[in-house]
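Heavy-atom basis, side chains included; hydrogens, waters and symmetry copies ignored. As the structure lists them, so they are numbered: ligands from 1, and atoms in each ligand from 1.
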Amino acid sequence: MSIETFIKTYYVERKGTGSVKWDGLKEKFSDENLLPLWVADMDFKVPVAVQEALAKRVEHGVFGYSLVEESYYKAFSQWQKNRHGINIEKDWIRFTTGVVNSFNYLIQTFTEVNDSVIILTPVYYPFFDAVKNNERQLVTSSLKQENETYYIDFKDFEEKIIKNKVKLFLHCSPQNPVGRVWTREELTQLFDICQRHQVKIISDEIHQDFIQPGKKFTSALSVDDSYLTELFVLTSASKTFNLASLLHSHILIPNEEHRVAYDKYTEKIINNPVSLFGVLATQAAYEEGEEWLDELIQVVEHNYHLLKDEISQSLPKASLAKKEGTYLAWLDLSEYLSKEEMSTILEKQVKIAIDYGEWFEEKSAGFIRINLATKPENIKIAAKQLAKVLNNK
Ligand SMILES: Cc1ncc(COP(=O)(O)O)c(C=O)c1O
């Protein structure tokens, strides 16, 4: 399917549907009528098979307590095996209602109040909240930027772990917002450091399926078996197939002792809920959504290049991070905008709603994050308007 046909088939107007991205601007921005390129969900309909699976169940008309059937486990593990080369054992899987919930639960189960938790920044902002809201000590190690690519400062990472007696590393892989897909070598170095200092690892792999053609995603589960004892991996089809509101995700726990501890914790607080529609949609997506996903990735790449071309032609002092994964573009506008004028100019003049860099780390206040999972026309409008306003400032 061409990009044009994909857009024609799957792009939908979402305004007026209670969408946070399109209808929830009031809370964070000064104007409700901005072009929304913020919240990380997509303006595309799910694969037809997913809609059909849900429609069939709606037709059936009963939504009582439900089991997760064998066919679900098969679809999930085959997806992980075929797409990422990972072998997942059924016993490892725990269901949750979201990835943010998952890392909060794990922080609560496997660390104590005042324990230190380390994160690599800039990163998805609920990482900060999860550490602070659970009264743990937040330790950050900043990624280094070179030639529009972000790298890990391993020396700083290890020094901070030692100095703060860190107990847990909350990792984002691929990294939102900078778009890095961490290599096997980088993961090995990170996990060796964690192993040396008895640091547990949570690897949030929600963006695992958005990998630029030619790049390879390495799951924390496939780096080396010796890391599995202190590892928790978080996945969901919610980002990949635009199912966020169906509230369904996985925690993978290879270590049996940790599974026992987690189960004990959940008995106390969450009574292990499973979202029926989340399960049905995820299964259909994993069974029949692959072609849709590959086409969608082409749209994301196309949009990234549209943005990149406009920036290199019209905004030469802006710098767009090289994107290897995710559907997010990370753009440095600090040569054009001061921290103080950022929101006023972007909202009042450019008329776009984006994620501000400072949400991901104070130091990134000169950046914006643009959601590319929309029709190319929206990216063109935003890029042209950005160029026009910043060049006439
Ligand atoms: C790294 C990362 N983790 C988790 C989430 C949200 O997951 P959920 O909606 O399942 O809580 C996002 C959404 O953008 C994300 O980027």
Residue portion contacting ligand 1 (non-hydrogen atoms closer than 4.0 Å) for C172
side chain
What atoms in ligand 1 come closer than 4.0 Å to a heavy atom of A40?
14 (O)
Nearest to atom 1 (C) of ligand 1, what protein heavy atom do you find, and at what distance?
D204 OD2, 3.3 Å
In ligand 1, which numbered atoms sit nearer than 4.0 Å to a non-hydrogen atom of G98?
10 (O), 11 (O)
Quick one: do K351 and D31 make a salt bridge, cutoff under 4.0 Å?
yes
Between Y356 and W359, what is the ring plane arrangement, given parallel below 30°, perpendicular above 60°, and tilted in between?
perpendicular
Suppose we measure from atom 13 (C) of ligand 1 to each protein heavy atom; which comes out shortest, and what is that distance?
K239 NZ, 2.7 Å
Tell me the nearest of T97, V99, V123, N101 to atom 10 (O) of ligand 1, using heavy-atom distances.
V99
What orientation do H171 and F191 show, parallel under 30°, tilted 30 to 60°, or perpendicular over 60°?
perpendicular
Could you tell me the separation between the CD atom of Q208 and the OG atom of S219, rounded to the nearest 0.5 Å?
7.0 Å
Looking at atom 7 (O) of ligand 1, what's its closest protein heavy atom, distance included?
I206 CD1, 3.4 Å
Rounding to 0.5 Å, atoms CG (L190) and CZ (F157) come to a distance of 5.0 Å
Identity and distance of the protein heavy atom lying nearest atom 11 (O) of ligand 1:
V100 N, 3.0 Å
Pair T326-N176, side-chain donor/acceptor within less than 3.5 Å:
no
Ionic contact status for D294 with R83, cut-off 4.0 Å
yes
Just to confirm my output: which protein heavy-atom neighbour is closest to atom 6 (C) of ligand 1, and how far is it?
Y124 OH, 3.3 Å
